[in-house]
Structure formats: C-alpha cells, structure tokens
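Sequence lines set the chain letters: A, B, ... in the order given, protein chains first and strands last, and positions in each chain run from 1.
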Protein chains: 2
Amino acid sequence: MTDNSDHDICETRCVHESVVNDVRERMYPNGLLLDVAELFKVFSDHTRVRILHALSFSELCVCDLAIALDMTSSAVSHQLRVLRSAKIVKFRKEGKNVFYSLDDRHISSLMQAGIEHVQEG
Amino acid sequence: MTDNSDHDICETRCVHESVVNDVRERMYPNGLLLDVAELFKVFSDHTRVRILHALSFSELCVCDLAIALDMTSSAVSHQLRVLRSAKIVKFRKEGKNVFYSLDDRHISSLMQAGIEHVQEG
DNA sequence: CCGTCATTTGAACATGTATTCATATGTATA
DNA sequence: TATACATATGAATACATGTTCAAATGACGG
C-alpha cells in the first residue's frame, strides 16, 4: 500500500525538482493556455478547415459554400456560427444573402502554417 | 413540394457560379485539409497544450509533467500517447524514466503563433 | 400581403474523446 | 527473486460536438 504522506495528485517521487520548479514558474497562466486550446479547436474540424480554406480565396455566401463543399446549407451555417463566435470570420448581409469572409489576415497565416506543416510531412 | 430536378445536397439556386467554380478549382485536396484538421486537433485540448507548453522549456519525464501540471501520471501518459502518434513529441528512455521533448522546432512556432493570436485578441 | 428562397435555429442522434480506476509492463535495487 | 516504482494500457464513464431533420426567421418579387 502507499504511505499516507503523499496521497496527492502525483503519488510518485521521481521528481526532478529544480527543472519542474523552473517550468512551473515560466508557464503561462492556465487561462491563457485554455484560450489557445479553444482557438485551435476551431481549426480542428474538417468542415471548418474547408470553409476557412475556401474563404481564403474569396468571400462567399452560405449557399456558395454549401455547393463548393458539397454540404447542406444547414451544416455549413452551424459551423459558420462557431467561426463567428470565435471572431474568425465576419459577415456582410446583402439582400437575402449573407456573405462571409475571413476576419483577419492573422487567421489565414495560421491556417497556412498548418497546411505547410502537413505538406512537409 | 420541391421540384425533382435539384433534390441534391444544395437545393437552392443562389449560386454565384463563377466564384464557386474558381474556388472549387483552387481548393486543396480534401485529404490534405483533413490532415490539417487532424493536426490542429492535437493542439485543441487544454491538457495537451499545457504539456507542449511545458516541454517548450525543457524535456521532462512523465512524472515531472504530472507534477508540473497537477495531474495524474495516467492522464498525462494518455495524452502523451496522442502527441506521440502525431509525431509532435519524441521520447528517450533512461532507466525507469521516459523523457519527452518536442519533436520539431516547427511545432513550437505553431504553438507560439496560437499564443500570440490569443494575447492580441 | 403571399409565396419563394437564403439563412438560422433547436432538438435528436450518433460519434468522438478526456479522465479515472484498475491492472499490466518493465526496470532498477535490495 | 522479490519489491518498489515509473510508465503504459484497457475498460468504463461522462461529456462535448457534428450532422440531420424540421421548423422559424427575414428579405425580396409578384
């Protein structure tokens, strides 16, 4: 059985204390890292990546996107909502249509970085 | 009822044909974009982001990571497995310990890009 | 106004996934 | 060899999430 002195989250004793302390001090706050995960989560879905990739060429309305990606407008719209809440796309209404485009040049380059990493394999 | 001529995936007719065709031609293949999504998926979890962030300072063994992040070794190990399969971390065995480190400078800069985006946000 | 169409929304369903717990593997040391 | 310990793994659970279907909203033209 384990002795009761260290029944904490990590029960082991292999710690390299100085290194761990150094890392703990230098780590960014948890909230920030959570936000980073949330940001990447937006890019972590096939449909959303395809939407963003398509929008990197041209602004498009929901129906255009649906056709370009062979999906229902509903599915596309649901994902656009996610992208909107993350402030990754912006939109402009024109009559019955709603045209979406990338919100930020930054986003495009993040995507591109991902694409290049995959291509280098 | 809808007429039977267009009971396809997108039933609507608002298409801006030339733009859509242009986009369809220029789009990268689906498989590539799927891989991109898979890559970002690895970065889309709080725990994994914290692990990668910690490893950006120093190589660490599983137990060090568990302590630095206040988690069980088991949970950390499970996530390290995900990172290993994605070839995002590499490891080195030394006695009872297994030391993990980032596999690639590229990874570190991708993470950094995400962090900067959030910080500017 | 009424009908059509583009888009949005909500609920339901199926699928994926992160953590926990228990257990297995493997390595050093007594 | 037996014990202790670092790590890995499998099953189970709980929770998140993507698509579909049905219906609502909102805008235009007749």
Side-chain angles (χ1 to χ4, degrees), chain A residues 1-3 5-16 20 34 37-38 40-51 59-86 89 91-100, chain B residues 1-3 5-16 20 34 37-38 40-51 59-86 89 91-100:
Chain A
M1 69 194 86
T2 60
D3 59 15
S5 65
D6 198 3
H7 199 13
D8 230 298
I9 293 177
C10 183
E11 331 73 23
T12 56
R13 219 165 277 95
C14 74
V15 196
H16 305 80
V20 171
L34 196 80
E38 290 303 315
F40 283 125
K41 191 169 294 181
V42 177
F43 293 88
S44 74
D45 174 72
H46 187 200
T47 296
R48 287 194 292 271
V49 167
R50 294 204 300 153
I51 290 176
E59 81 167 0
L60 294 164
C61 71
V62 179
C63 179
D64 287 345
L65 275 168
I67 293 187
L69 307 184
D70 273 323
M71 299 184 58
T72 64
S73 304
S74 178
V76 170
S77 182
H78 274 296
Q79 296 310 325
L80 284 170
R81 188 161 127 75
V82 175
L83 294 170
R84 256 183 303 158
S85 338
V89 299
F91 61 97
R92 161 179 86 76
K93 301 190 180 183
E94 184 179 315
K96 284 189 278 192
N97 291 320
V98 180
F99 288 90
Y100 283 85
Chain B
M1 69 194 86
T2 59
D3 60 15
S5 65
D6 199 3
H7 198 11
D8 230 298
I9 293 176
C10 184
E11 334 70 23
T12 54
R13 221 164 276 95
C14 74
V15 196
H16 305 80
V20 171
L34 195 80
E38 289 304 314
F40 282 125
K41 191 170 293 180
V42 176
F43 294 88
S44 74
D45 175 74
H46 186 200
T47 296
R48 287 194 293 270
V49 166
R50 294 203 301 153
I51 290 176
E59 79 167 0
L60 294 164
C61 70
V62 178
C63 179
D64 288 345
L65 275 168
I67 292 186
L69 307 184
D70 272 323
M71 299 185 57
T72 64
S73 305
S74 179
V76 170
S77 182
H78 274 297
Q79 296 309 325
L80 284 170
R81 188 161 126 75
V82 175
L83 294 169
R84 255 183 304 159
S85 338
V89 299
F91 62 96
R92 160 179 88 76
K93 301 189 179 183
E94 183 179 317
K96 284 189 279 192
N97 292 320
V98 179
F99 288 90
Y100 283 84

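- Heavy-atom nearest nucleotides on DNA chain D were determined for B:Val62 and for A:Val82, and the one closer to the 5' end corresponds to B:Val62.
- When distances are taken from the side chain of A:Ser73 to each of D:dG18, C:dA18, C:dT8, the shortest belongs to C:dT8.
- If you measure from atom CG of A:Leu65 to atom C1' of C:dT7, you get 12 Å, rounded to the nearest angstrom.
- Residue contacts for A:Ser74: at a heavy-atom cut-off of 4.0 Å it reaches a base atom on one of the strands shown.
- Between C:dA18 and B:Thr47, no contact under 4.0 Å exists linking OP1 or OP2 to a side-chain N or O.
- Whole-Å rounding puts the B:Lys93 NZ to D:dT7 P distance at 11 Å.
- Rounded to whole Å, atom P of D:dA6 lies 15 Å from atom CG of B:Leu60.
- Ring geometry, A:Phe40 versus B:Phe43: the interplanar angle falls from 30° to 60°, so the pair is classed tilted.
- Here the nucleotide nearest the side chain of B:His78, chosen from C:dT7, D:dC21, D:dA11, is D:dA11.
- The backbone N or O of A:Thr47 sits less than 3.5 Å from a side-chain atom of A:Asp45, completing a donor-acceptor pair.
- Across all their heavy atoms, A:Met71 and A:Val76 have their closest contact at CB-CG2, 4.0 Å.
- Atom CG in B:Asp45 sits about 17 Å away from atom P in C:dG16, given to the nearest Å.
- A sub-4.0 Å separation between OP1 or OP2 of D:dT17 and a side-chain N or O of A:Gln79 is absent.
- In the set D:dT20, C:dA18, C:dT9, the nucleotide with an atom closest to the side chain of A:Arg81 is C:dT9.
- Atom CD1 in A:Ile67 sits 10.5 Å away from atom NE2 in B:His16 (nearest 0.5 Å).
- Sequence order on DNA chain C of the closest nucleotides to A:Arg84 and A:Asn97 puts A:Asn97 first from the 5' end.
- If you take CZ of A:Phe91 and C1' of D:dG26, they are 14 Å apart, rounded to a whole angstrom.
- Within the nucleic acid shown, A:Tyr100 comes within 4.0 Å of sugar-phosphate atoms alone, with no base atom in reach, counting heavy atoms only.
- For B:Ser77, whose side chain is taken as the heavy atoms from C-beta onward, the closest listed nucleotide among D:dT20, D:dA8, C:dC5 is D:dA8.
- The side chain of B:Lys96 approaches C:dG26 more closely than any other nucleotide in the set D:dG26, C:dT20, C:dG26.
- Remark on DNA chain D: of its neighbouring residues A:Ala75 and B:Cys61, the 5'-side contact belongs to B:Cys61, judged by nearest-heavy-atom nucleotide.
- Note: CG (A:Leu83) to P (D:dG18) measures 10 Å, nearest angstrom.
- Spacing between atom NZ of B:Lys41 and atom P of C:dG16 amounts to 9 Å, rounded to whole angstrom units.
- A straight line from CE of B:Met71 to P of D:dA8 spans 14 Å, rounded to a whole angstrom.
- Looking only at distances, no side-chain donor or acceptor of A:Arg50 sits under 3.5 Å from a matching main-chain atom of A:Ala68.
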